[in-house]
Amino acid sequence: MAEEIKNPVDENLAKKAEVNESTEQIQPEETEQNAEVTRLKQELDVKDKLVQESADRLKRMQADFDNFRRRTRQEKEELSAIVSQNLIKELLPLLDNFERALAVESADGENFKAGVDMILKQFIATLEKNGLEPIKAVGEKFDPNFHEAIMRIADETKEDDTIAEELQRGYSVRGRVIRPSMVKVIGN
């Protein structure tokens with residue numbers, strides 16, 4: 001009968017032994033998991049640093065590009081101002097000549113006309129020096145890139161789409177049209 005009575009202390013010791021054995025098995029698994037978590041956190045930190053560095057680099061590049069655009073715009077404005085100043089400087093003698101022509105009290109129309117004609121020639125020379133070219137029109141084939149047709153007229157002796165008359169002269173500057181010629185075009 002003594003064998004049948006179990007000692008509660010022995011039972012508790014047996015249970016503790018079982019728990020210790022299962023804990024020992026769990027501890028290596030937990031240690032492996034902790035190591036894995038630590039490794040993943042380190043990888044995440046490295047990736048976060050790379051993302052932050054890339055974001056900083058992108059911000060610097062955007063700032064550099066904005067600075068470049070601002071500098072380019074300023075340089076363009078300065079260059080435009082210089083070109084305008086140079087053109088105005090070249091036109092000042094024409095202004096002086098017009099003022100002189102108007103200041104003359106002579107009633108002689110021929111001399112006045114000759115003076116204005118000289119000023120016109122000087123003006124045309126100054127504009128041509130700065131790249132202005134008249135667009136050829138009369139007798140040429142109509143080209144919508146250079147001419148603006150105001151009306152069509154019939155003329156059996158001339159070919160269709162030929163320019164019969166120029167109503168207003170057109171001009172280009174260094175190959176770029178700044179004002180097309182207004183023309184009458186033949187259309188039979």
Side-chain angles (χ1 to χ4, degrees), residues 49-188:
K49 285 180 184 177
L50 287 174
V51 167
Q52 187 62 39
E53 288 173 6
S54 295
D56 291 343
R57 196 173 3 193
L58 176 63
K59 288 177 186 176
R60 281 193 302 274
M61 288 175 68
Q62 286 174 330
D64 288 345
F65 184 68
D66 288 343
N67 290 338
F68 170 75
R69 281 195 318 204
R70 182 183 45 76
R71 261 192 328 270
T72 302
R73 186 184 72 245
Q74 286 175 341
E75 289 172 359
K76 187 177 178 182
E77 289 171 358
E78 290 171 4
L79 182 62
S80 177
I82 290 170
V83 168
S84 296
Q85 289 171 356
N86 289 339
L87 180 61
I88 290 171
K89 186 177 178 182
E90 290 180 17
L91 293 175
L92 286 177
L94 296 169
L95 179 63
D96 295 338
N97 288 337
F98 273 120
E99 289 173 347
R100 284 187 205 111
L102 292 174
V104 173
E105 294 184 19
S106 172
D108 185 12
E110 282 297 315
N111 287 337
F112 184 76
K113 184 178 183 311
V116 171
D117 191 40
M118 289 186 335
I119 295 171
L120 177 63
K121 288 178 183 174
Q122 184 183 13
F123 183 63
I124 290 171
T126 300
L127 292 175
E128 286 176 347
K129 178 180 165 188
N130 283 284
L132 184 75
E133 299 173 8
I135 296 173
K136 295 179 183 176
V138 176
E140 300 287 321
K141 274 291 217 192
F142 176 76
D143 183 350
N145 296 317
F146 299 102
H147 310 113
E148 182 177 342
I150 301 300
M151 59 178 46
R152 290 180 88 60
I153 59 171
D155 187 347
E156 301 296 328
T157 62
K158 296 183 181 171
E159 191 177 328
D160 278 354
D161 291 333
T162 301
I163 297 173
E165 183 180 346
E166 181 178 53
L167 303 173
Q168 184 180 46
R169 182 171 289 160
Y171 293 97
S172 65
V173 176
R174 293 180 180 90
R176 186 175 194 180
V177 175
I178 59 171
R179 183 176 81 184
S181 298
M182 290 183 170
V183 296
K184 290 182 182 179
V185 179
I186 296 175
N188 295 318

Discussion item. Looking at every heavy atom in both A137 and V183, which two are closest together, and how far apart are they?
Written reply: CB-CG1, 4.0 Å
Worksheet item: Tell me, which pairs form a side chain to side chain donor-acceptor pair (under 3.5 Å) where one or both residues lie in residues 169-182, sequence neighbours left out?
Response: E166-S181
Fill in: More than 12 heavy atoms from other groups under 6.0 Å of CD on E159
no
Worksheet item: According to the side chain to side chain donor-acceptor pair (under 3.5 Å) rule, which pairs have a member within residues 131-140, sequence neighbours left out?
Response: none
Worksheet item: Among side-chain atoms of N86 and E90, is any donor-acceptor pair under 3.5 angstrom?
Response: no
Worksheet item: Below 4.0 angstrom, N of the basic side chain to O of the carboxylate: do D117 and K121 qualify?
Response: yes
Worksheet, complete the sentence: Looking only at heavy atoms, the pair that brings K184 and I153 closest together is CD-CG2, 4.4 Å
Worksheet item: When you measure from the side chain of K141 to the backbone N and O of D160, does any donor-acceptor pair fall under 3.5 Å?
Response: yes
Item to complete: Dump the intermediate steps for side-chain contact (heavy atoms from CB on, under 4.5 Å) on N145 and V177, then the final yes or no.
Response: CA-CA 8 Å; N145 296 317; V177 175; 5.9 Å; no
Worksheet item: Roughly how far, to the nearest 0.5 Å, is CD of E148 from CG of L167?
Response: 10.0 Å
Worksheet, complete the sentence: For L91 and T126, the nearest pair of non-hydrogen atoms, with its separation, is CD2-CG2, 3.9 Å
Practice prompt. Show your working on side-chain contact (heavy atoms from CB on, under 4.5 Å) between N130 and V83 and close with a plain yes or no.
Written response: CA-CA 10 Å; N130 283 284; V83 168; over 6 Å; no
